[in-house]
Structure formats: C-alpha cells, structure tokens
Q: 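Got a structure here, written out as structure tokens. Questions coming.
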There are 2 protein chains.
Amino acid sequence: MADLARELGVSMTTISRALSDHHSIGPAMKQKVLKLAKKYNYQPNRLASALRKGKSQLLGIIVPYIEGRFFPSVVHGIETAASKAGYNVIICQSNEDVAQERRNLEILLSAQVAGILVSLSRTTLDFRHFDKVRSRGLPLVFFDRIVEGDNVNAVVLDDQEGGCLSTRHLLQQGCRRIAHLAGPQHLNIYKNRRQGYLDALREAGIPVEEELMVYTNMTQEQGTEAMRSLLALPSPPDAIFAAGDYCALGALQEAQRQGLRVPQDIAISGFSNETFTVITEPSITTIDQRCEEMGQAAVRLLLELVDADGNPFAPRQVSLRPELLVRRSSVRQPDNVAASVQGVAADVLLPQ
Amino acid sequence: MADLARELGVSMTTISRALSDHHSIGPAMKQKVLKLAKKYNYQPNRLASALRKGKSQLLGIIVPYIEGRFFPSVVHGIETAASKAGYNVIICQSNEDVAQERRNLEILLSAQVAGILVSLSRTTLDFRHFDKVRSRGLPLVFFDRIVEGDNVNAVVLDDQEGGCLSTRHLLQQGCRRIAHLAGPQHLNIYKNRRQGYLDALREAGIPVEEELMVYTNMTQEQGTEAMRSLLALPSPPDAIFAAGDYCALGALQEAQRQGLRVPQDIAISGFSNETFTVITEPSITTIDQRCEEMGQAAVRLLLELVDADGNPFAPRQVSLRPELLVRRSSVRQPDNVAASVQGVAADVLLPQ
DNA sequence: TTGTACGCGTTATCAC
DNA sequence: GTGATAACGCGTACAA
C-alpha cells in the first residue's frame, strides 16, 4: 500500500479507501488506484485488516470428525454458504473428546473468528466452556448435536417428524404390526425418532406393543440380531422402522436369509440416506437428513448474529423438515406412494 | 498483556517472553506470569502474533469438493496431522472450477497461511496461478490430482501399482481371461491403473486382448453395460478388474442377473474401497487408496517445506503404496490369498 | 535476566 | 475529497 501511495503521490489513507470502496473517494482516483494495484499485484493482508477491525472474515467449525456421510455433507454446505457470503472456514475435529473440543474452542477464539459453528462431541455433558464464547459476545450456533434448551441458537433435523413420516408411510402400505429398531435413548435424535414412531401409531389408533420395540446400538450386526428375535415372535411384525440405515441393512439381510421377501412379507425402512441404501436389493426406503441445508441454515443463522453485532437477538432454533425417500424395500401398494411423499421442502422456524 | 504487565509490575516484553517460553526468562517469573494469565483468562491474539511474525499457524486446503468417500477422508487426515503439529486448517472448495480455484488461492494468500495443499480442479489445465504462490516462497504441496512433473511437491497413490496388485491377485486365483473396465484415459489415475493391469499381464506372459478392455466413465450403469457386452463375447472373460468400485458393482449385478456365480464363474475386483463394497453379496475385492495417510503425508511434506523456510529444497514426489483388500468377490482359491496380500504398508519415496 | 522502542499492514478519527 | 496520525496486539533488536 505504501508503494502505491508513493507512486500516485497520495496518502495511504486514500489507497485504503479506494481499495475498500469507501464512500468518500473520487471515482477517478479510485480507478487509478485499482489499476495500479492490479499492476503491482497487490494482495491485501487480511490479518492486518482483521487485527485493526477486531473482526476477521473467518468462521470456525467444530465437528466430532470428518467422516461418513453426514458431517462431510454438512461441512460442504457450510463452506459453500460461507464462501458465498465472503467468509472462510477454519475446521476443527473434536474426535468425540470434550477436552479436544475445549482446546478447539480456545484456538478459534484466539484466531479471532467472527463466529463459531459447533456439533457437540459425544462426551460433552458439561457446557461451561461455551460460556466464554458468549461472554465475549461471539456468535455461536449449534447444529445436529446441540445443547438442549431455548436460550441457544441451533439448527437440527426434525427427527420426530422423520420417525412419524416413516411410520405413517408403512401404515399406508397396509402394515399393521410395525416394529421399531430404536437407538440409544439418551441421544436426542434416537429418542425423537422413536417418539415420531409412537405418534404415528397413536394417530392411526394402533396400540403400541413393547415386544415390537427393540433397543440397539444401531450397528448392522445388531440389526441382524434384532430381526432374528422379532421373527421368532409368536406373531412377527409385517414391517420394520429402523432408526438407522446400517441397522436396517442388517435387518434386511437377516429377513432375506430366512427366506422372507422384502417388502411383500415384511417392509423395511431406515434413516439417514446412507449411500448404500440405493444399492441394496431391494433399495431401502429412508429419511434424508438434509445435510447440506443444515450447513446452509447454520451459516445463515450465524451470519445474522454476526450482523446483529451484539445487539439483542432472541435465540432461535431452526428445525429442518426431513425428507422421506420411498424406495422398493417398503412399497407394497404402489398407488399409495404418492400420498406419503408429501411435505418435503420448506424449513420450519420454531417460535421463540 | 498490558494488564498482566501492570499487575506484576513488569514490562510487556517479559510477559510476552514468559508466554512464548522464551529462553531468557526466569522460571519463577514465568510461573507467576502463567498463573496470572490463567486467572485473567488471557487469550493470545494469533492474528497479531502472525502479523508481527509474518507467518500464521494456518494451512490452506483447496479441494474440488467435500463429498463422497475420498476427499473427506483426506481432509480428515490433513486436519488431524496439522492440528497435532499446532496448525489449523482453512478449507476451500473449487467446485471443479478453475476460476474458483484461482480465487481460493488469492484468499489463502491474503490470509497469510503458512502453506497450501491443493488437489486440482478437473477444469484446471493452466497452472500459472500457482506461480504466484511459489514466487512468494510459500510452501505448496499437491495431492491426488497433481501437476505432473518433477519440480513440484506432490503426494499421490501409486495407481499403477494398484492396478498391478489387483490383476496379479486375479491371476493367482487362476483367472486367465481378465477383462479391464477402464476409466477416461486423459485422467492420470485411470491411465495408471490400466498400465498396472497391462504390466501384470505381461509379467505373467499373458497377451493383452483389446476386446477385453472396455472404456467407461466409471458409473454403475456403464459397469452393467460393459459386463453385458463382455458376456456376449464368443469367449467371455473369467475375471473383471474394474478401475472403480461403482463400475465393479454394476458389473457384479449384471453378472448375477445373468445367472453367473461370483467368484466361481467370474471373479471381480474394484478400486477405491467405497463403503458399500463390504455390504454387497458377495463383498467386493478392492484397492484402498489410503486417504488418511495421503492427508498425513501431504501435511508432513508441507511442514518440512515450512520448516525449511525458503531454503533450497529439492521438490519431492511421495507415492503411497495401495492396499489390496481381498474379499469374497474374487477368492476362488483360498490358499492363494495369503500370497497376494503382501507389500501392504511402507510408503515409497520416489527419487528426485 | 529485564526493559525500551519500534514496526508488522491496515483502518478509524479527526482535521483540513 | 483528502491527509496526518494513532492504534489494533504482539515480537524482537538493542540497550541496560
């Protein structure tokens, strides 16, 4: 910048104004400066700018890990939305470890990021390390694995709705004894999926049978085992709603091993839209978690907070509408499919 | 820092030295400072530090996108290795677009990153935008999709070796008419996999038959089609080496559709170790691309450059050893498996 | 071992 | 519309 100023015989102030498109700058001068800057291949130093302004153009992300289908997709959505808004993204992994999560938080703070996006580590039970962020007035948004409560900003998938959609779909296919392969109930996502299942049954006036709910850790193996025990019942189910795709896969394989036809003898649906669900024979009906949209929504919310710049802002929880993907593993009555593939788009903003 | 200095009645210099573990600092004073820093919850400002030192603790990554199996895993490896070395990572997506790639590069430069890791966009044919990085003396390492030549630093998988391993394995299983589903030959990865296939055949003294090489775009559909045409040959193959897993999957499904048993009637192997390859029936033999290791190796190389700090450094190409994962789709002679699962670990450093 | 003084590159403030 | 100046928070010659 100093070079440009010297060459043009003006002050650095003028250069700075021309480059940052300040209002009190002559268009003629502006052009001259920009042209010379290009000629000299001027590269602004964002560090210096951020130091002076007290705000960088960086957003921090903390995720448990970057693997599997979910988190990479969310990160993809985040990076895309952020970069569209002129921000860049520093990414940190907690490896499901609170201590690491705390360290990451410190690092992001000291990197002077403009805001932070967090999906909690599985071992995070104490949330005090986030107080420091808030006390600094730094925008903070949780996604997917969130701190419960309505004084935080958060974006989640409406898992309950997802469970409900799946179960309703199975009901519409004529199934009446629908089993549920549930996940660990201390995790809100699995609790909510189960609740959606219960809602749909009640809605249809079908009594809940305890023997049709099997609690698993969502692995393929446990899906297999669960299916085995269910098929051994005096009155086995005619459908399975699994709270995860791997689990659904295990169930599917076991059913086929026992000579059952899917979906004719037993219909199956999963959760998460894992890549392999379109590859199995038959393909598996599932719920898409709208990973990309989640990332985008999280950034949108975060940037609103950034723009509010510390002004009072009522915390908001955004709940994304899950999408039911009907595939062959559950379709017994093709005519009824259309009815169940509704209410797909439109995000919902919960009040408060 | 000023607060701490005042409270302890010393200068900021002393504080700075204590915090950055400078050698000329008394252990007593150091302890006092650290203690007070903790009490006041002092957060160093990395921006200021980086500005002063002219080097940040940030590494920049440019990838085409963060989706699928490969890039997220590499990024995972990169972030893990970087954070272990005290660096953080800014991530950018080029979306397979050169213009975006160029913009990302500018951004990373102006963010004063300590080094840059790049996997080229598919549309990058002109590499001049990287000259600016080198002229700045900024460390630059390519991975996977690299600029060819030996005056760049790069980390790749040895695809040729991968093709060779796969083909040798099929030969050891007693297959003699091995077909190859090749990918677009203008991409070096597919060219090299094909070359490895040719190498192994020559090694075994088996003539190459053009009719056994089918060129595809690596999709599942094209795998299906390719298999159909191969099975229609007067003398169909007894094995398939596909340059990609999706393609192998399509081939597998078509073979089964035509009533063939895999691997007894026809053996199949793929490439990339996609998640679904362990799920199919039978599971698919494939090549693992060592994504994590690639990320780690890239960071290692980059940090060597960073530490060299502009001193002469002979560019290096690191070539990772692919790992053959023998699964059921290819095993006809269980006794021969052990022999083919060798030479798995140990990275290779090519000379120059 | 500690302190003084300056500068990294940018921008906000105030005066002209 | 433009310029001079200070300041953001830290690190480092140099002097003590």
Q: Is it true that, when you exclude Lys32(B) itself, more than 12 heavy atoms of the residues, nucleotides or ligands shown sit nearer than 6.0 Å to its NZ?
A: no
Q: Side-chain contact, heavy-atom cut-off 4.5 Å: Asn88(A) with Leu59(A)?
A: no
Q: Expressed in angstrom and rounded to an integer, what is the separation of Asp3(B) atom CG from dC10(D) atom P?
A: 10 Å
Q: Could you walk me through whether Asn153(B) and Val141(B) satisfy the side chain to side chain contact (heavy atoms under 4.5 Å, CB included) test, starting with their C-alpha distance in whole Å, then the side-chain angles of each, then the deciding distance to 0.1 Å, before giving a yes or no?
A: CA-CA 5 Å; Asn153(B) 291 287; Val141(B) 170; 4.0 Å; yes
Q: How many Å lie between CG on Leu47(A) and C1' on dC8(D), as a whole number?
A: 12 Å
Q: May I ask you to verify if any side-chain N or O of Ser16(B) is less than 4.0 angstrom from the OP1 or OP2 atom of dG11(D)?
A: yes
Q: For a quick test of reading the model: is some side-chain N or O of Thr14(B) closer than 4.0 Å to OP1 or OP2 of dT1(C)?
A: no
Q: Taking only the side-chain heavy atoms of Arg17(A) (C-beta and beyond), determine which of dT11(C), dT2(D), dG9(D) contains the nearest atom.
A: dT2(D)
Q: What's the CD-P distance between Gln112(B) and dT10(C), to the nearest Å?
A: 8 Å
Q: Categorize Thr13(A) for me: base, sugar-phosphate, or nothing, with a 4.0 angstrom heavy-atom threshold over every strand shown.
A: base
Q: How is Met1(A) classified with respect to the nucleic acid when contacts are heavy atoms under 4.0 Å: base, sugar-phosphate, or nothing?
A: base
Q: dG9(D), OP1 or OP2 - any side-chain N/O from Tyr42(B) closer than 4.0 Å?
A: no
Q: Tell me: CG of Leu8(B) to C1' of dG3(C), nearest whole Å?
A: 15 Å
Q: Given His129(B), which of Glu101(B), Glu106(B), Arg103(B) fulfils the side chain to side chain donor-acceptor pair (under 3.5 Å) condition?
A: Glu101(B)
Q: Report the distance from atom CD of Gln43(B) to atom C1' of dG9(D), rounded to the nearest whole Å.
A: 14 Å
Q: Below 4.5 Å, heavy atoms only, C-beta onward: do Arg17(A) and His23(A) meet side chain to side chain?
A: no
Q: Please work out if Arg46(A) contacts a base, only the sugar-phosphate, or nothing of the nucleic acid, heavy-atom cut-off 4.0 Å.
A: nothing
Q: What's the NZ-P distance between Lys53(A) and dT13(C), to the nearest Å?
A: 13 Å
Q: What residues in residues 19-38 of chain A put a non-hydrogen atom under 4.0 Å from any atom of DNA chain C?
A: none
Q: Leu51(A) CG to dC8(D) C1': how many Å, rounded?
A: 4 Å
Q: Under the salt bridge (Lys or Arg N to Asp or Glu O under 4.0 Å) criterion, do Glu96(B) and Arg145(B) qualify, and how do the steps go?
A: CA-CA 11 Å; Glu96(B) 302 283 15; Arg145(B) 304 209 203 150; 3.0 Å; yes
Q: Would Met1(B) and Asn45(B) count as a side chain to side chain contact (heavy atoms under 4.5 Å, CB included) if you check the C-alpha gap in whole Å, the side-chain angles of each, and the deciding distance to 0.1 Å?
A: CA-CA 10 Å; Met1(B) 266 177 52; Asn45(B) 185 328; over 6 Å; no
Q: Classify the side chain of Arg52(A) versus the base of dT11(C) as yes if they form a donor-acceptor pair under 3.5 Å and no if they do not.
A: yes
Q: Think Ser11(B) has a side-chain N or O under 4.0 angstrom from the OP1 or OP2 of dG3(C)?
A: yes
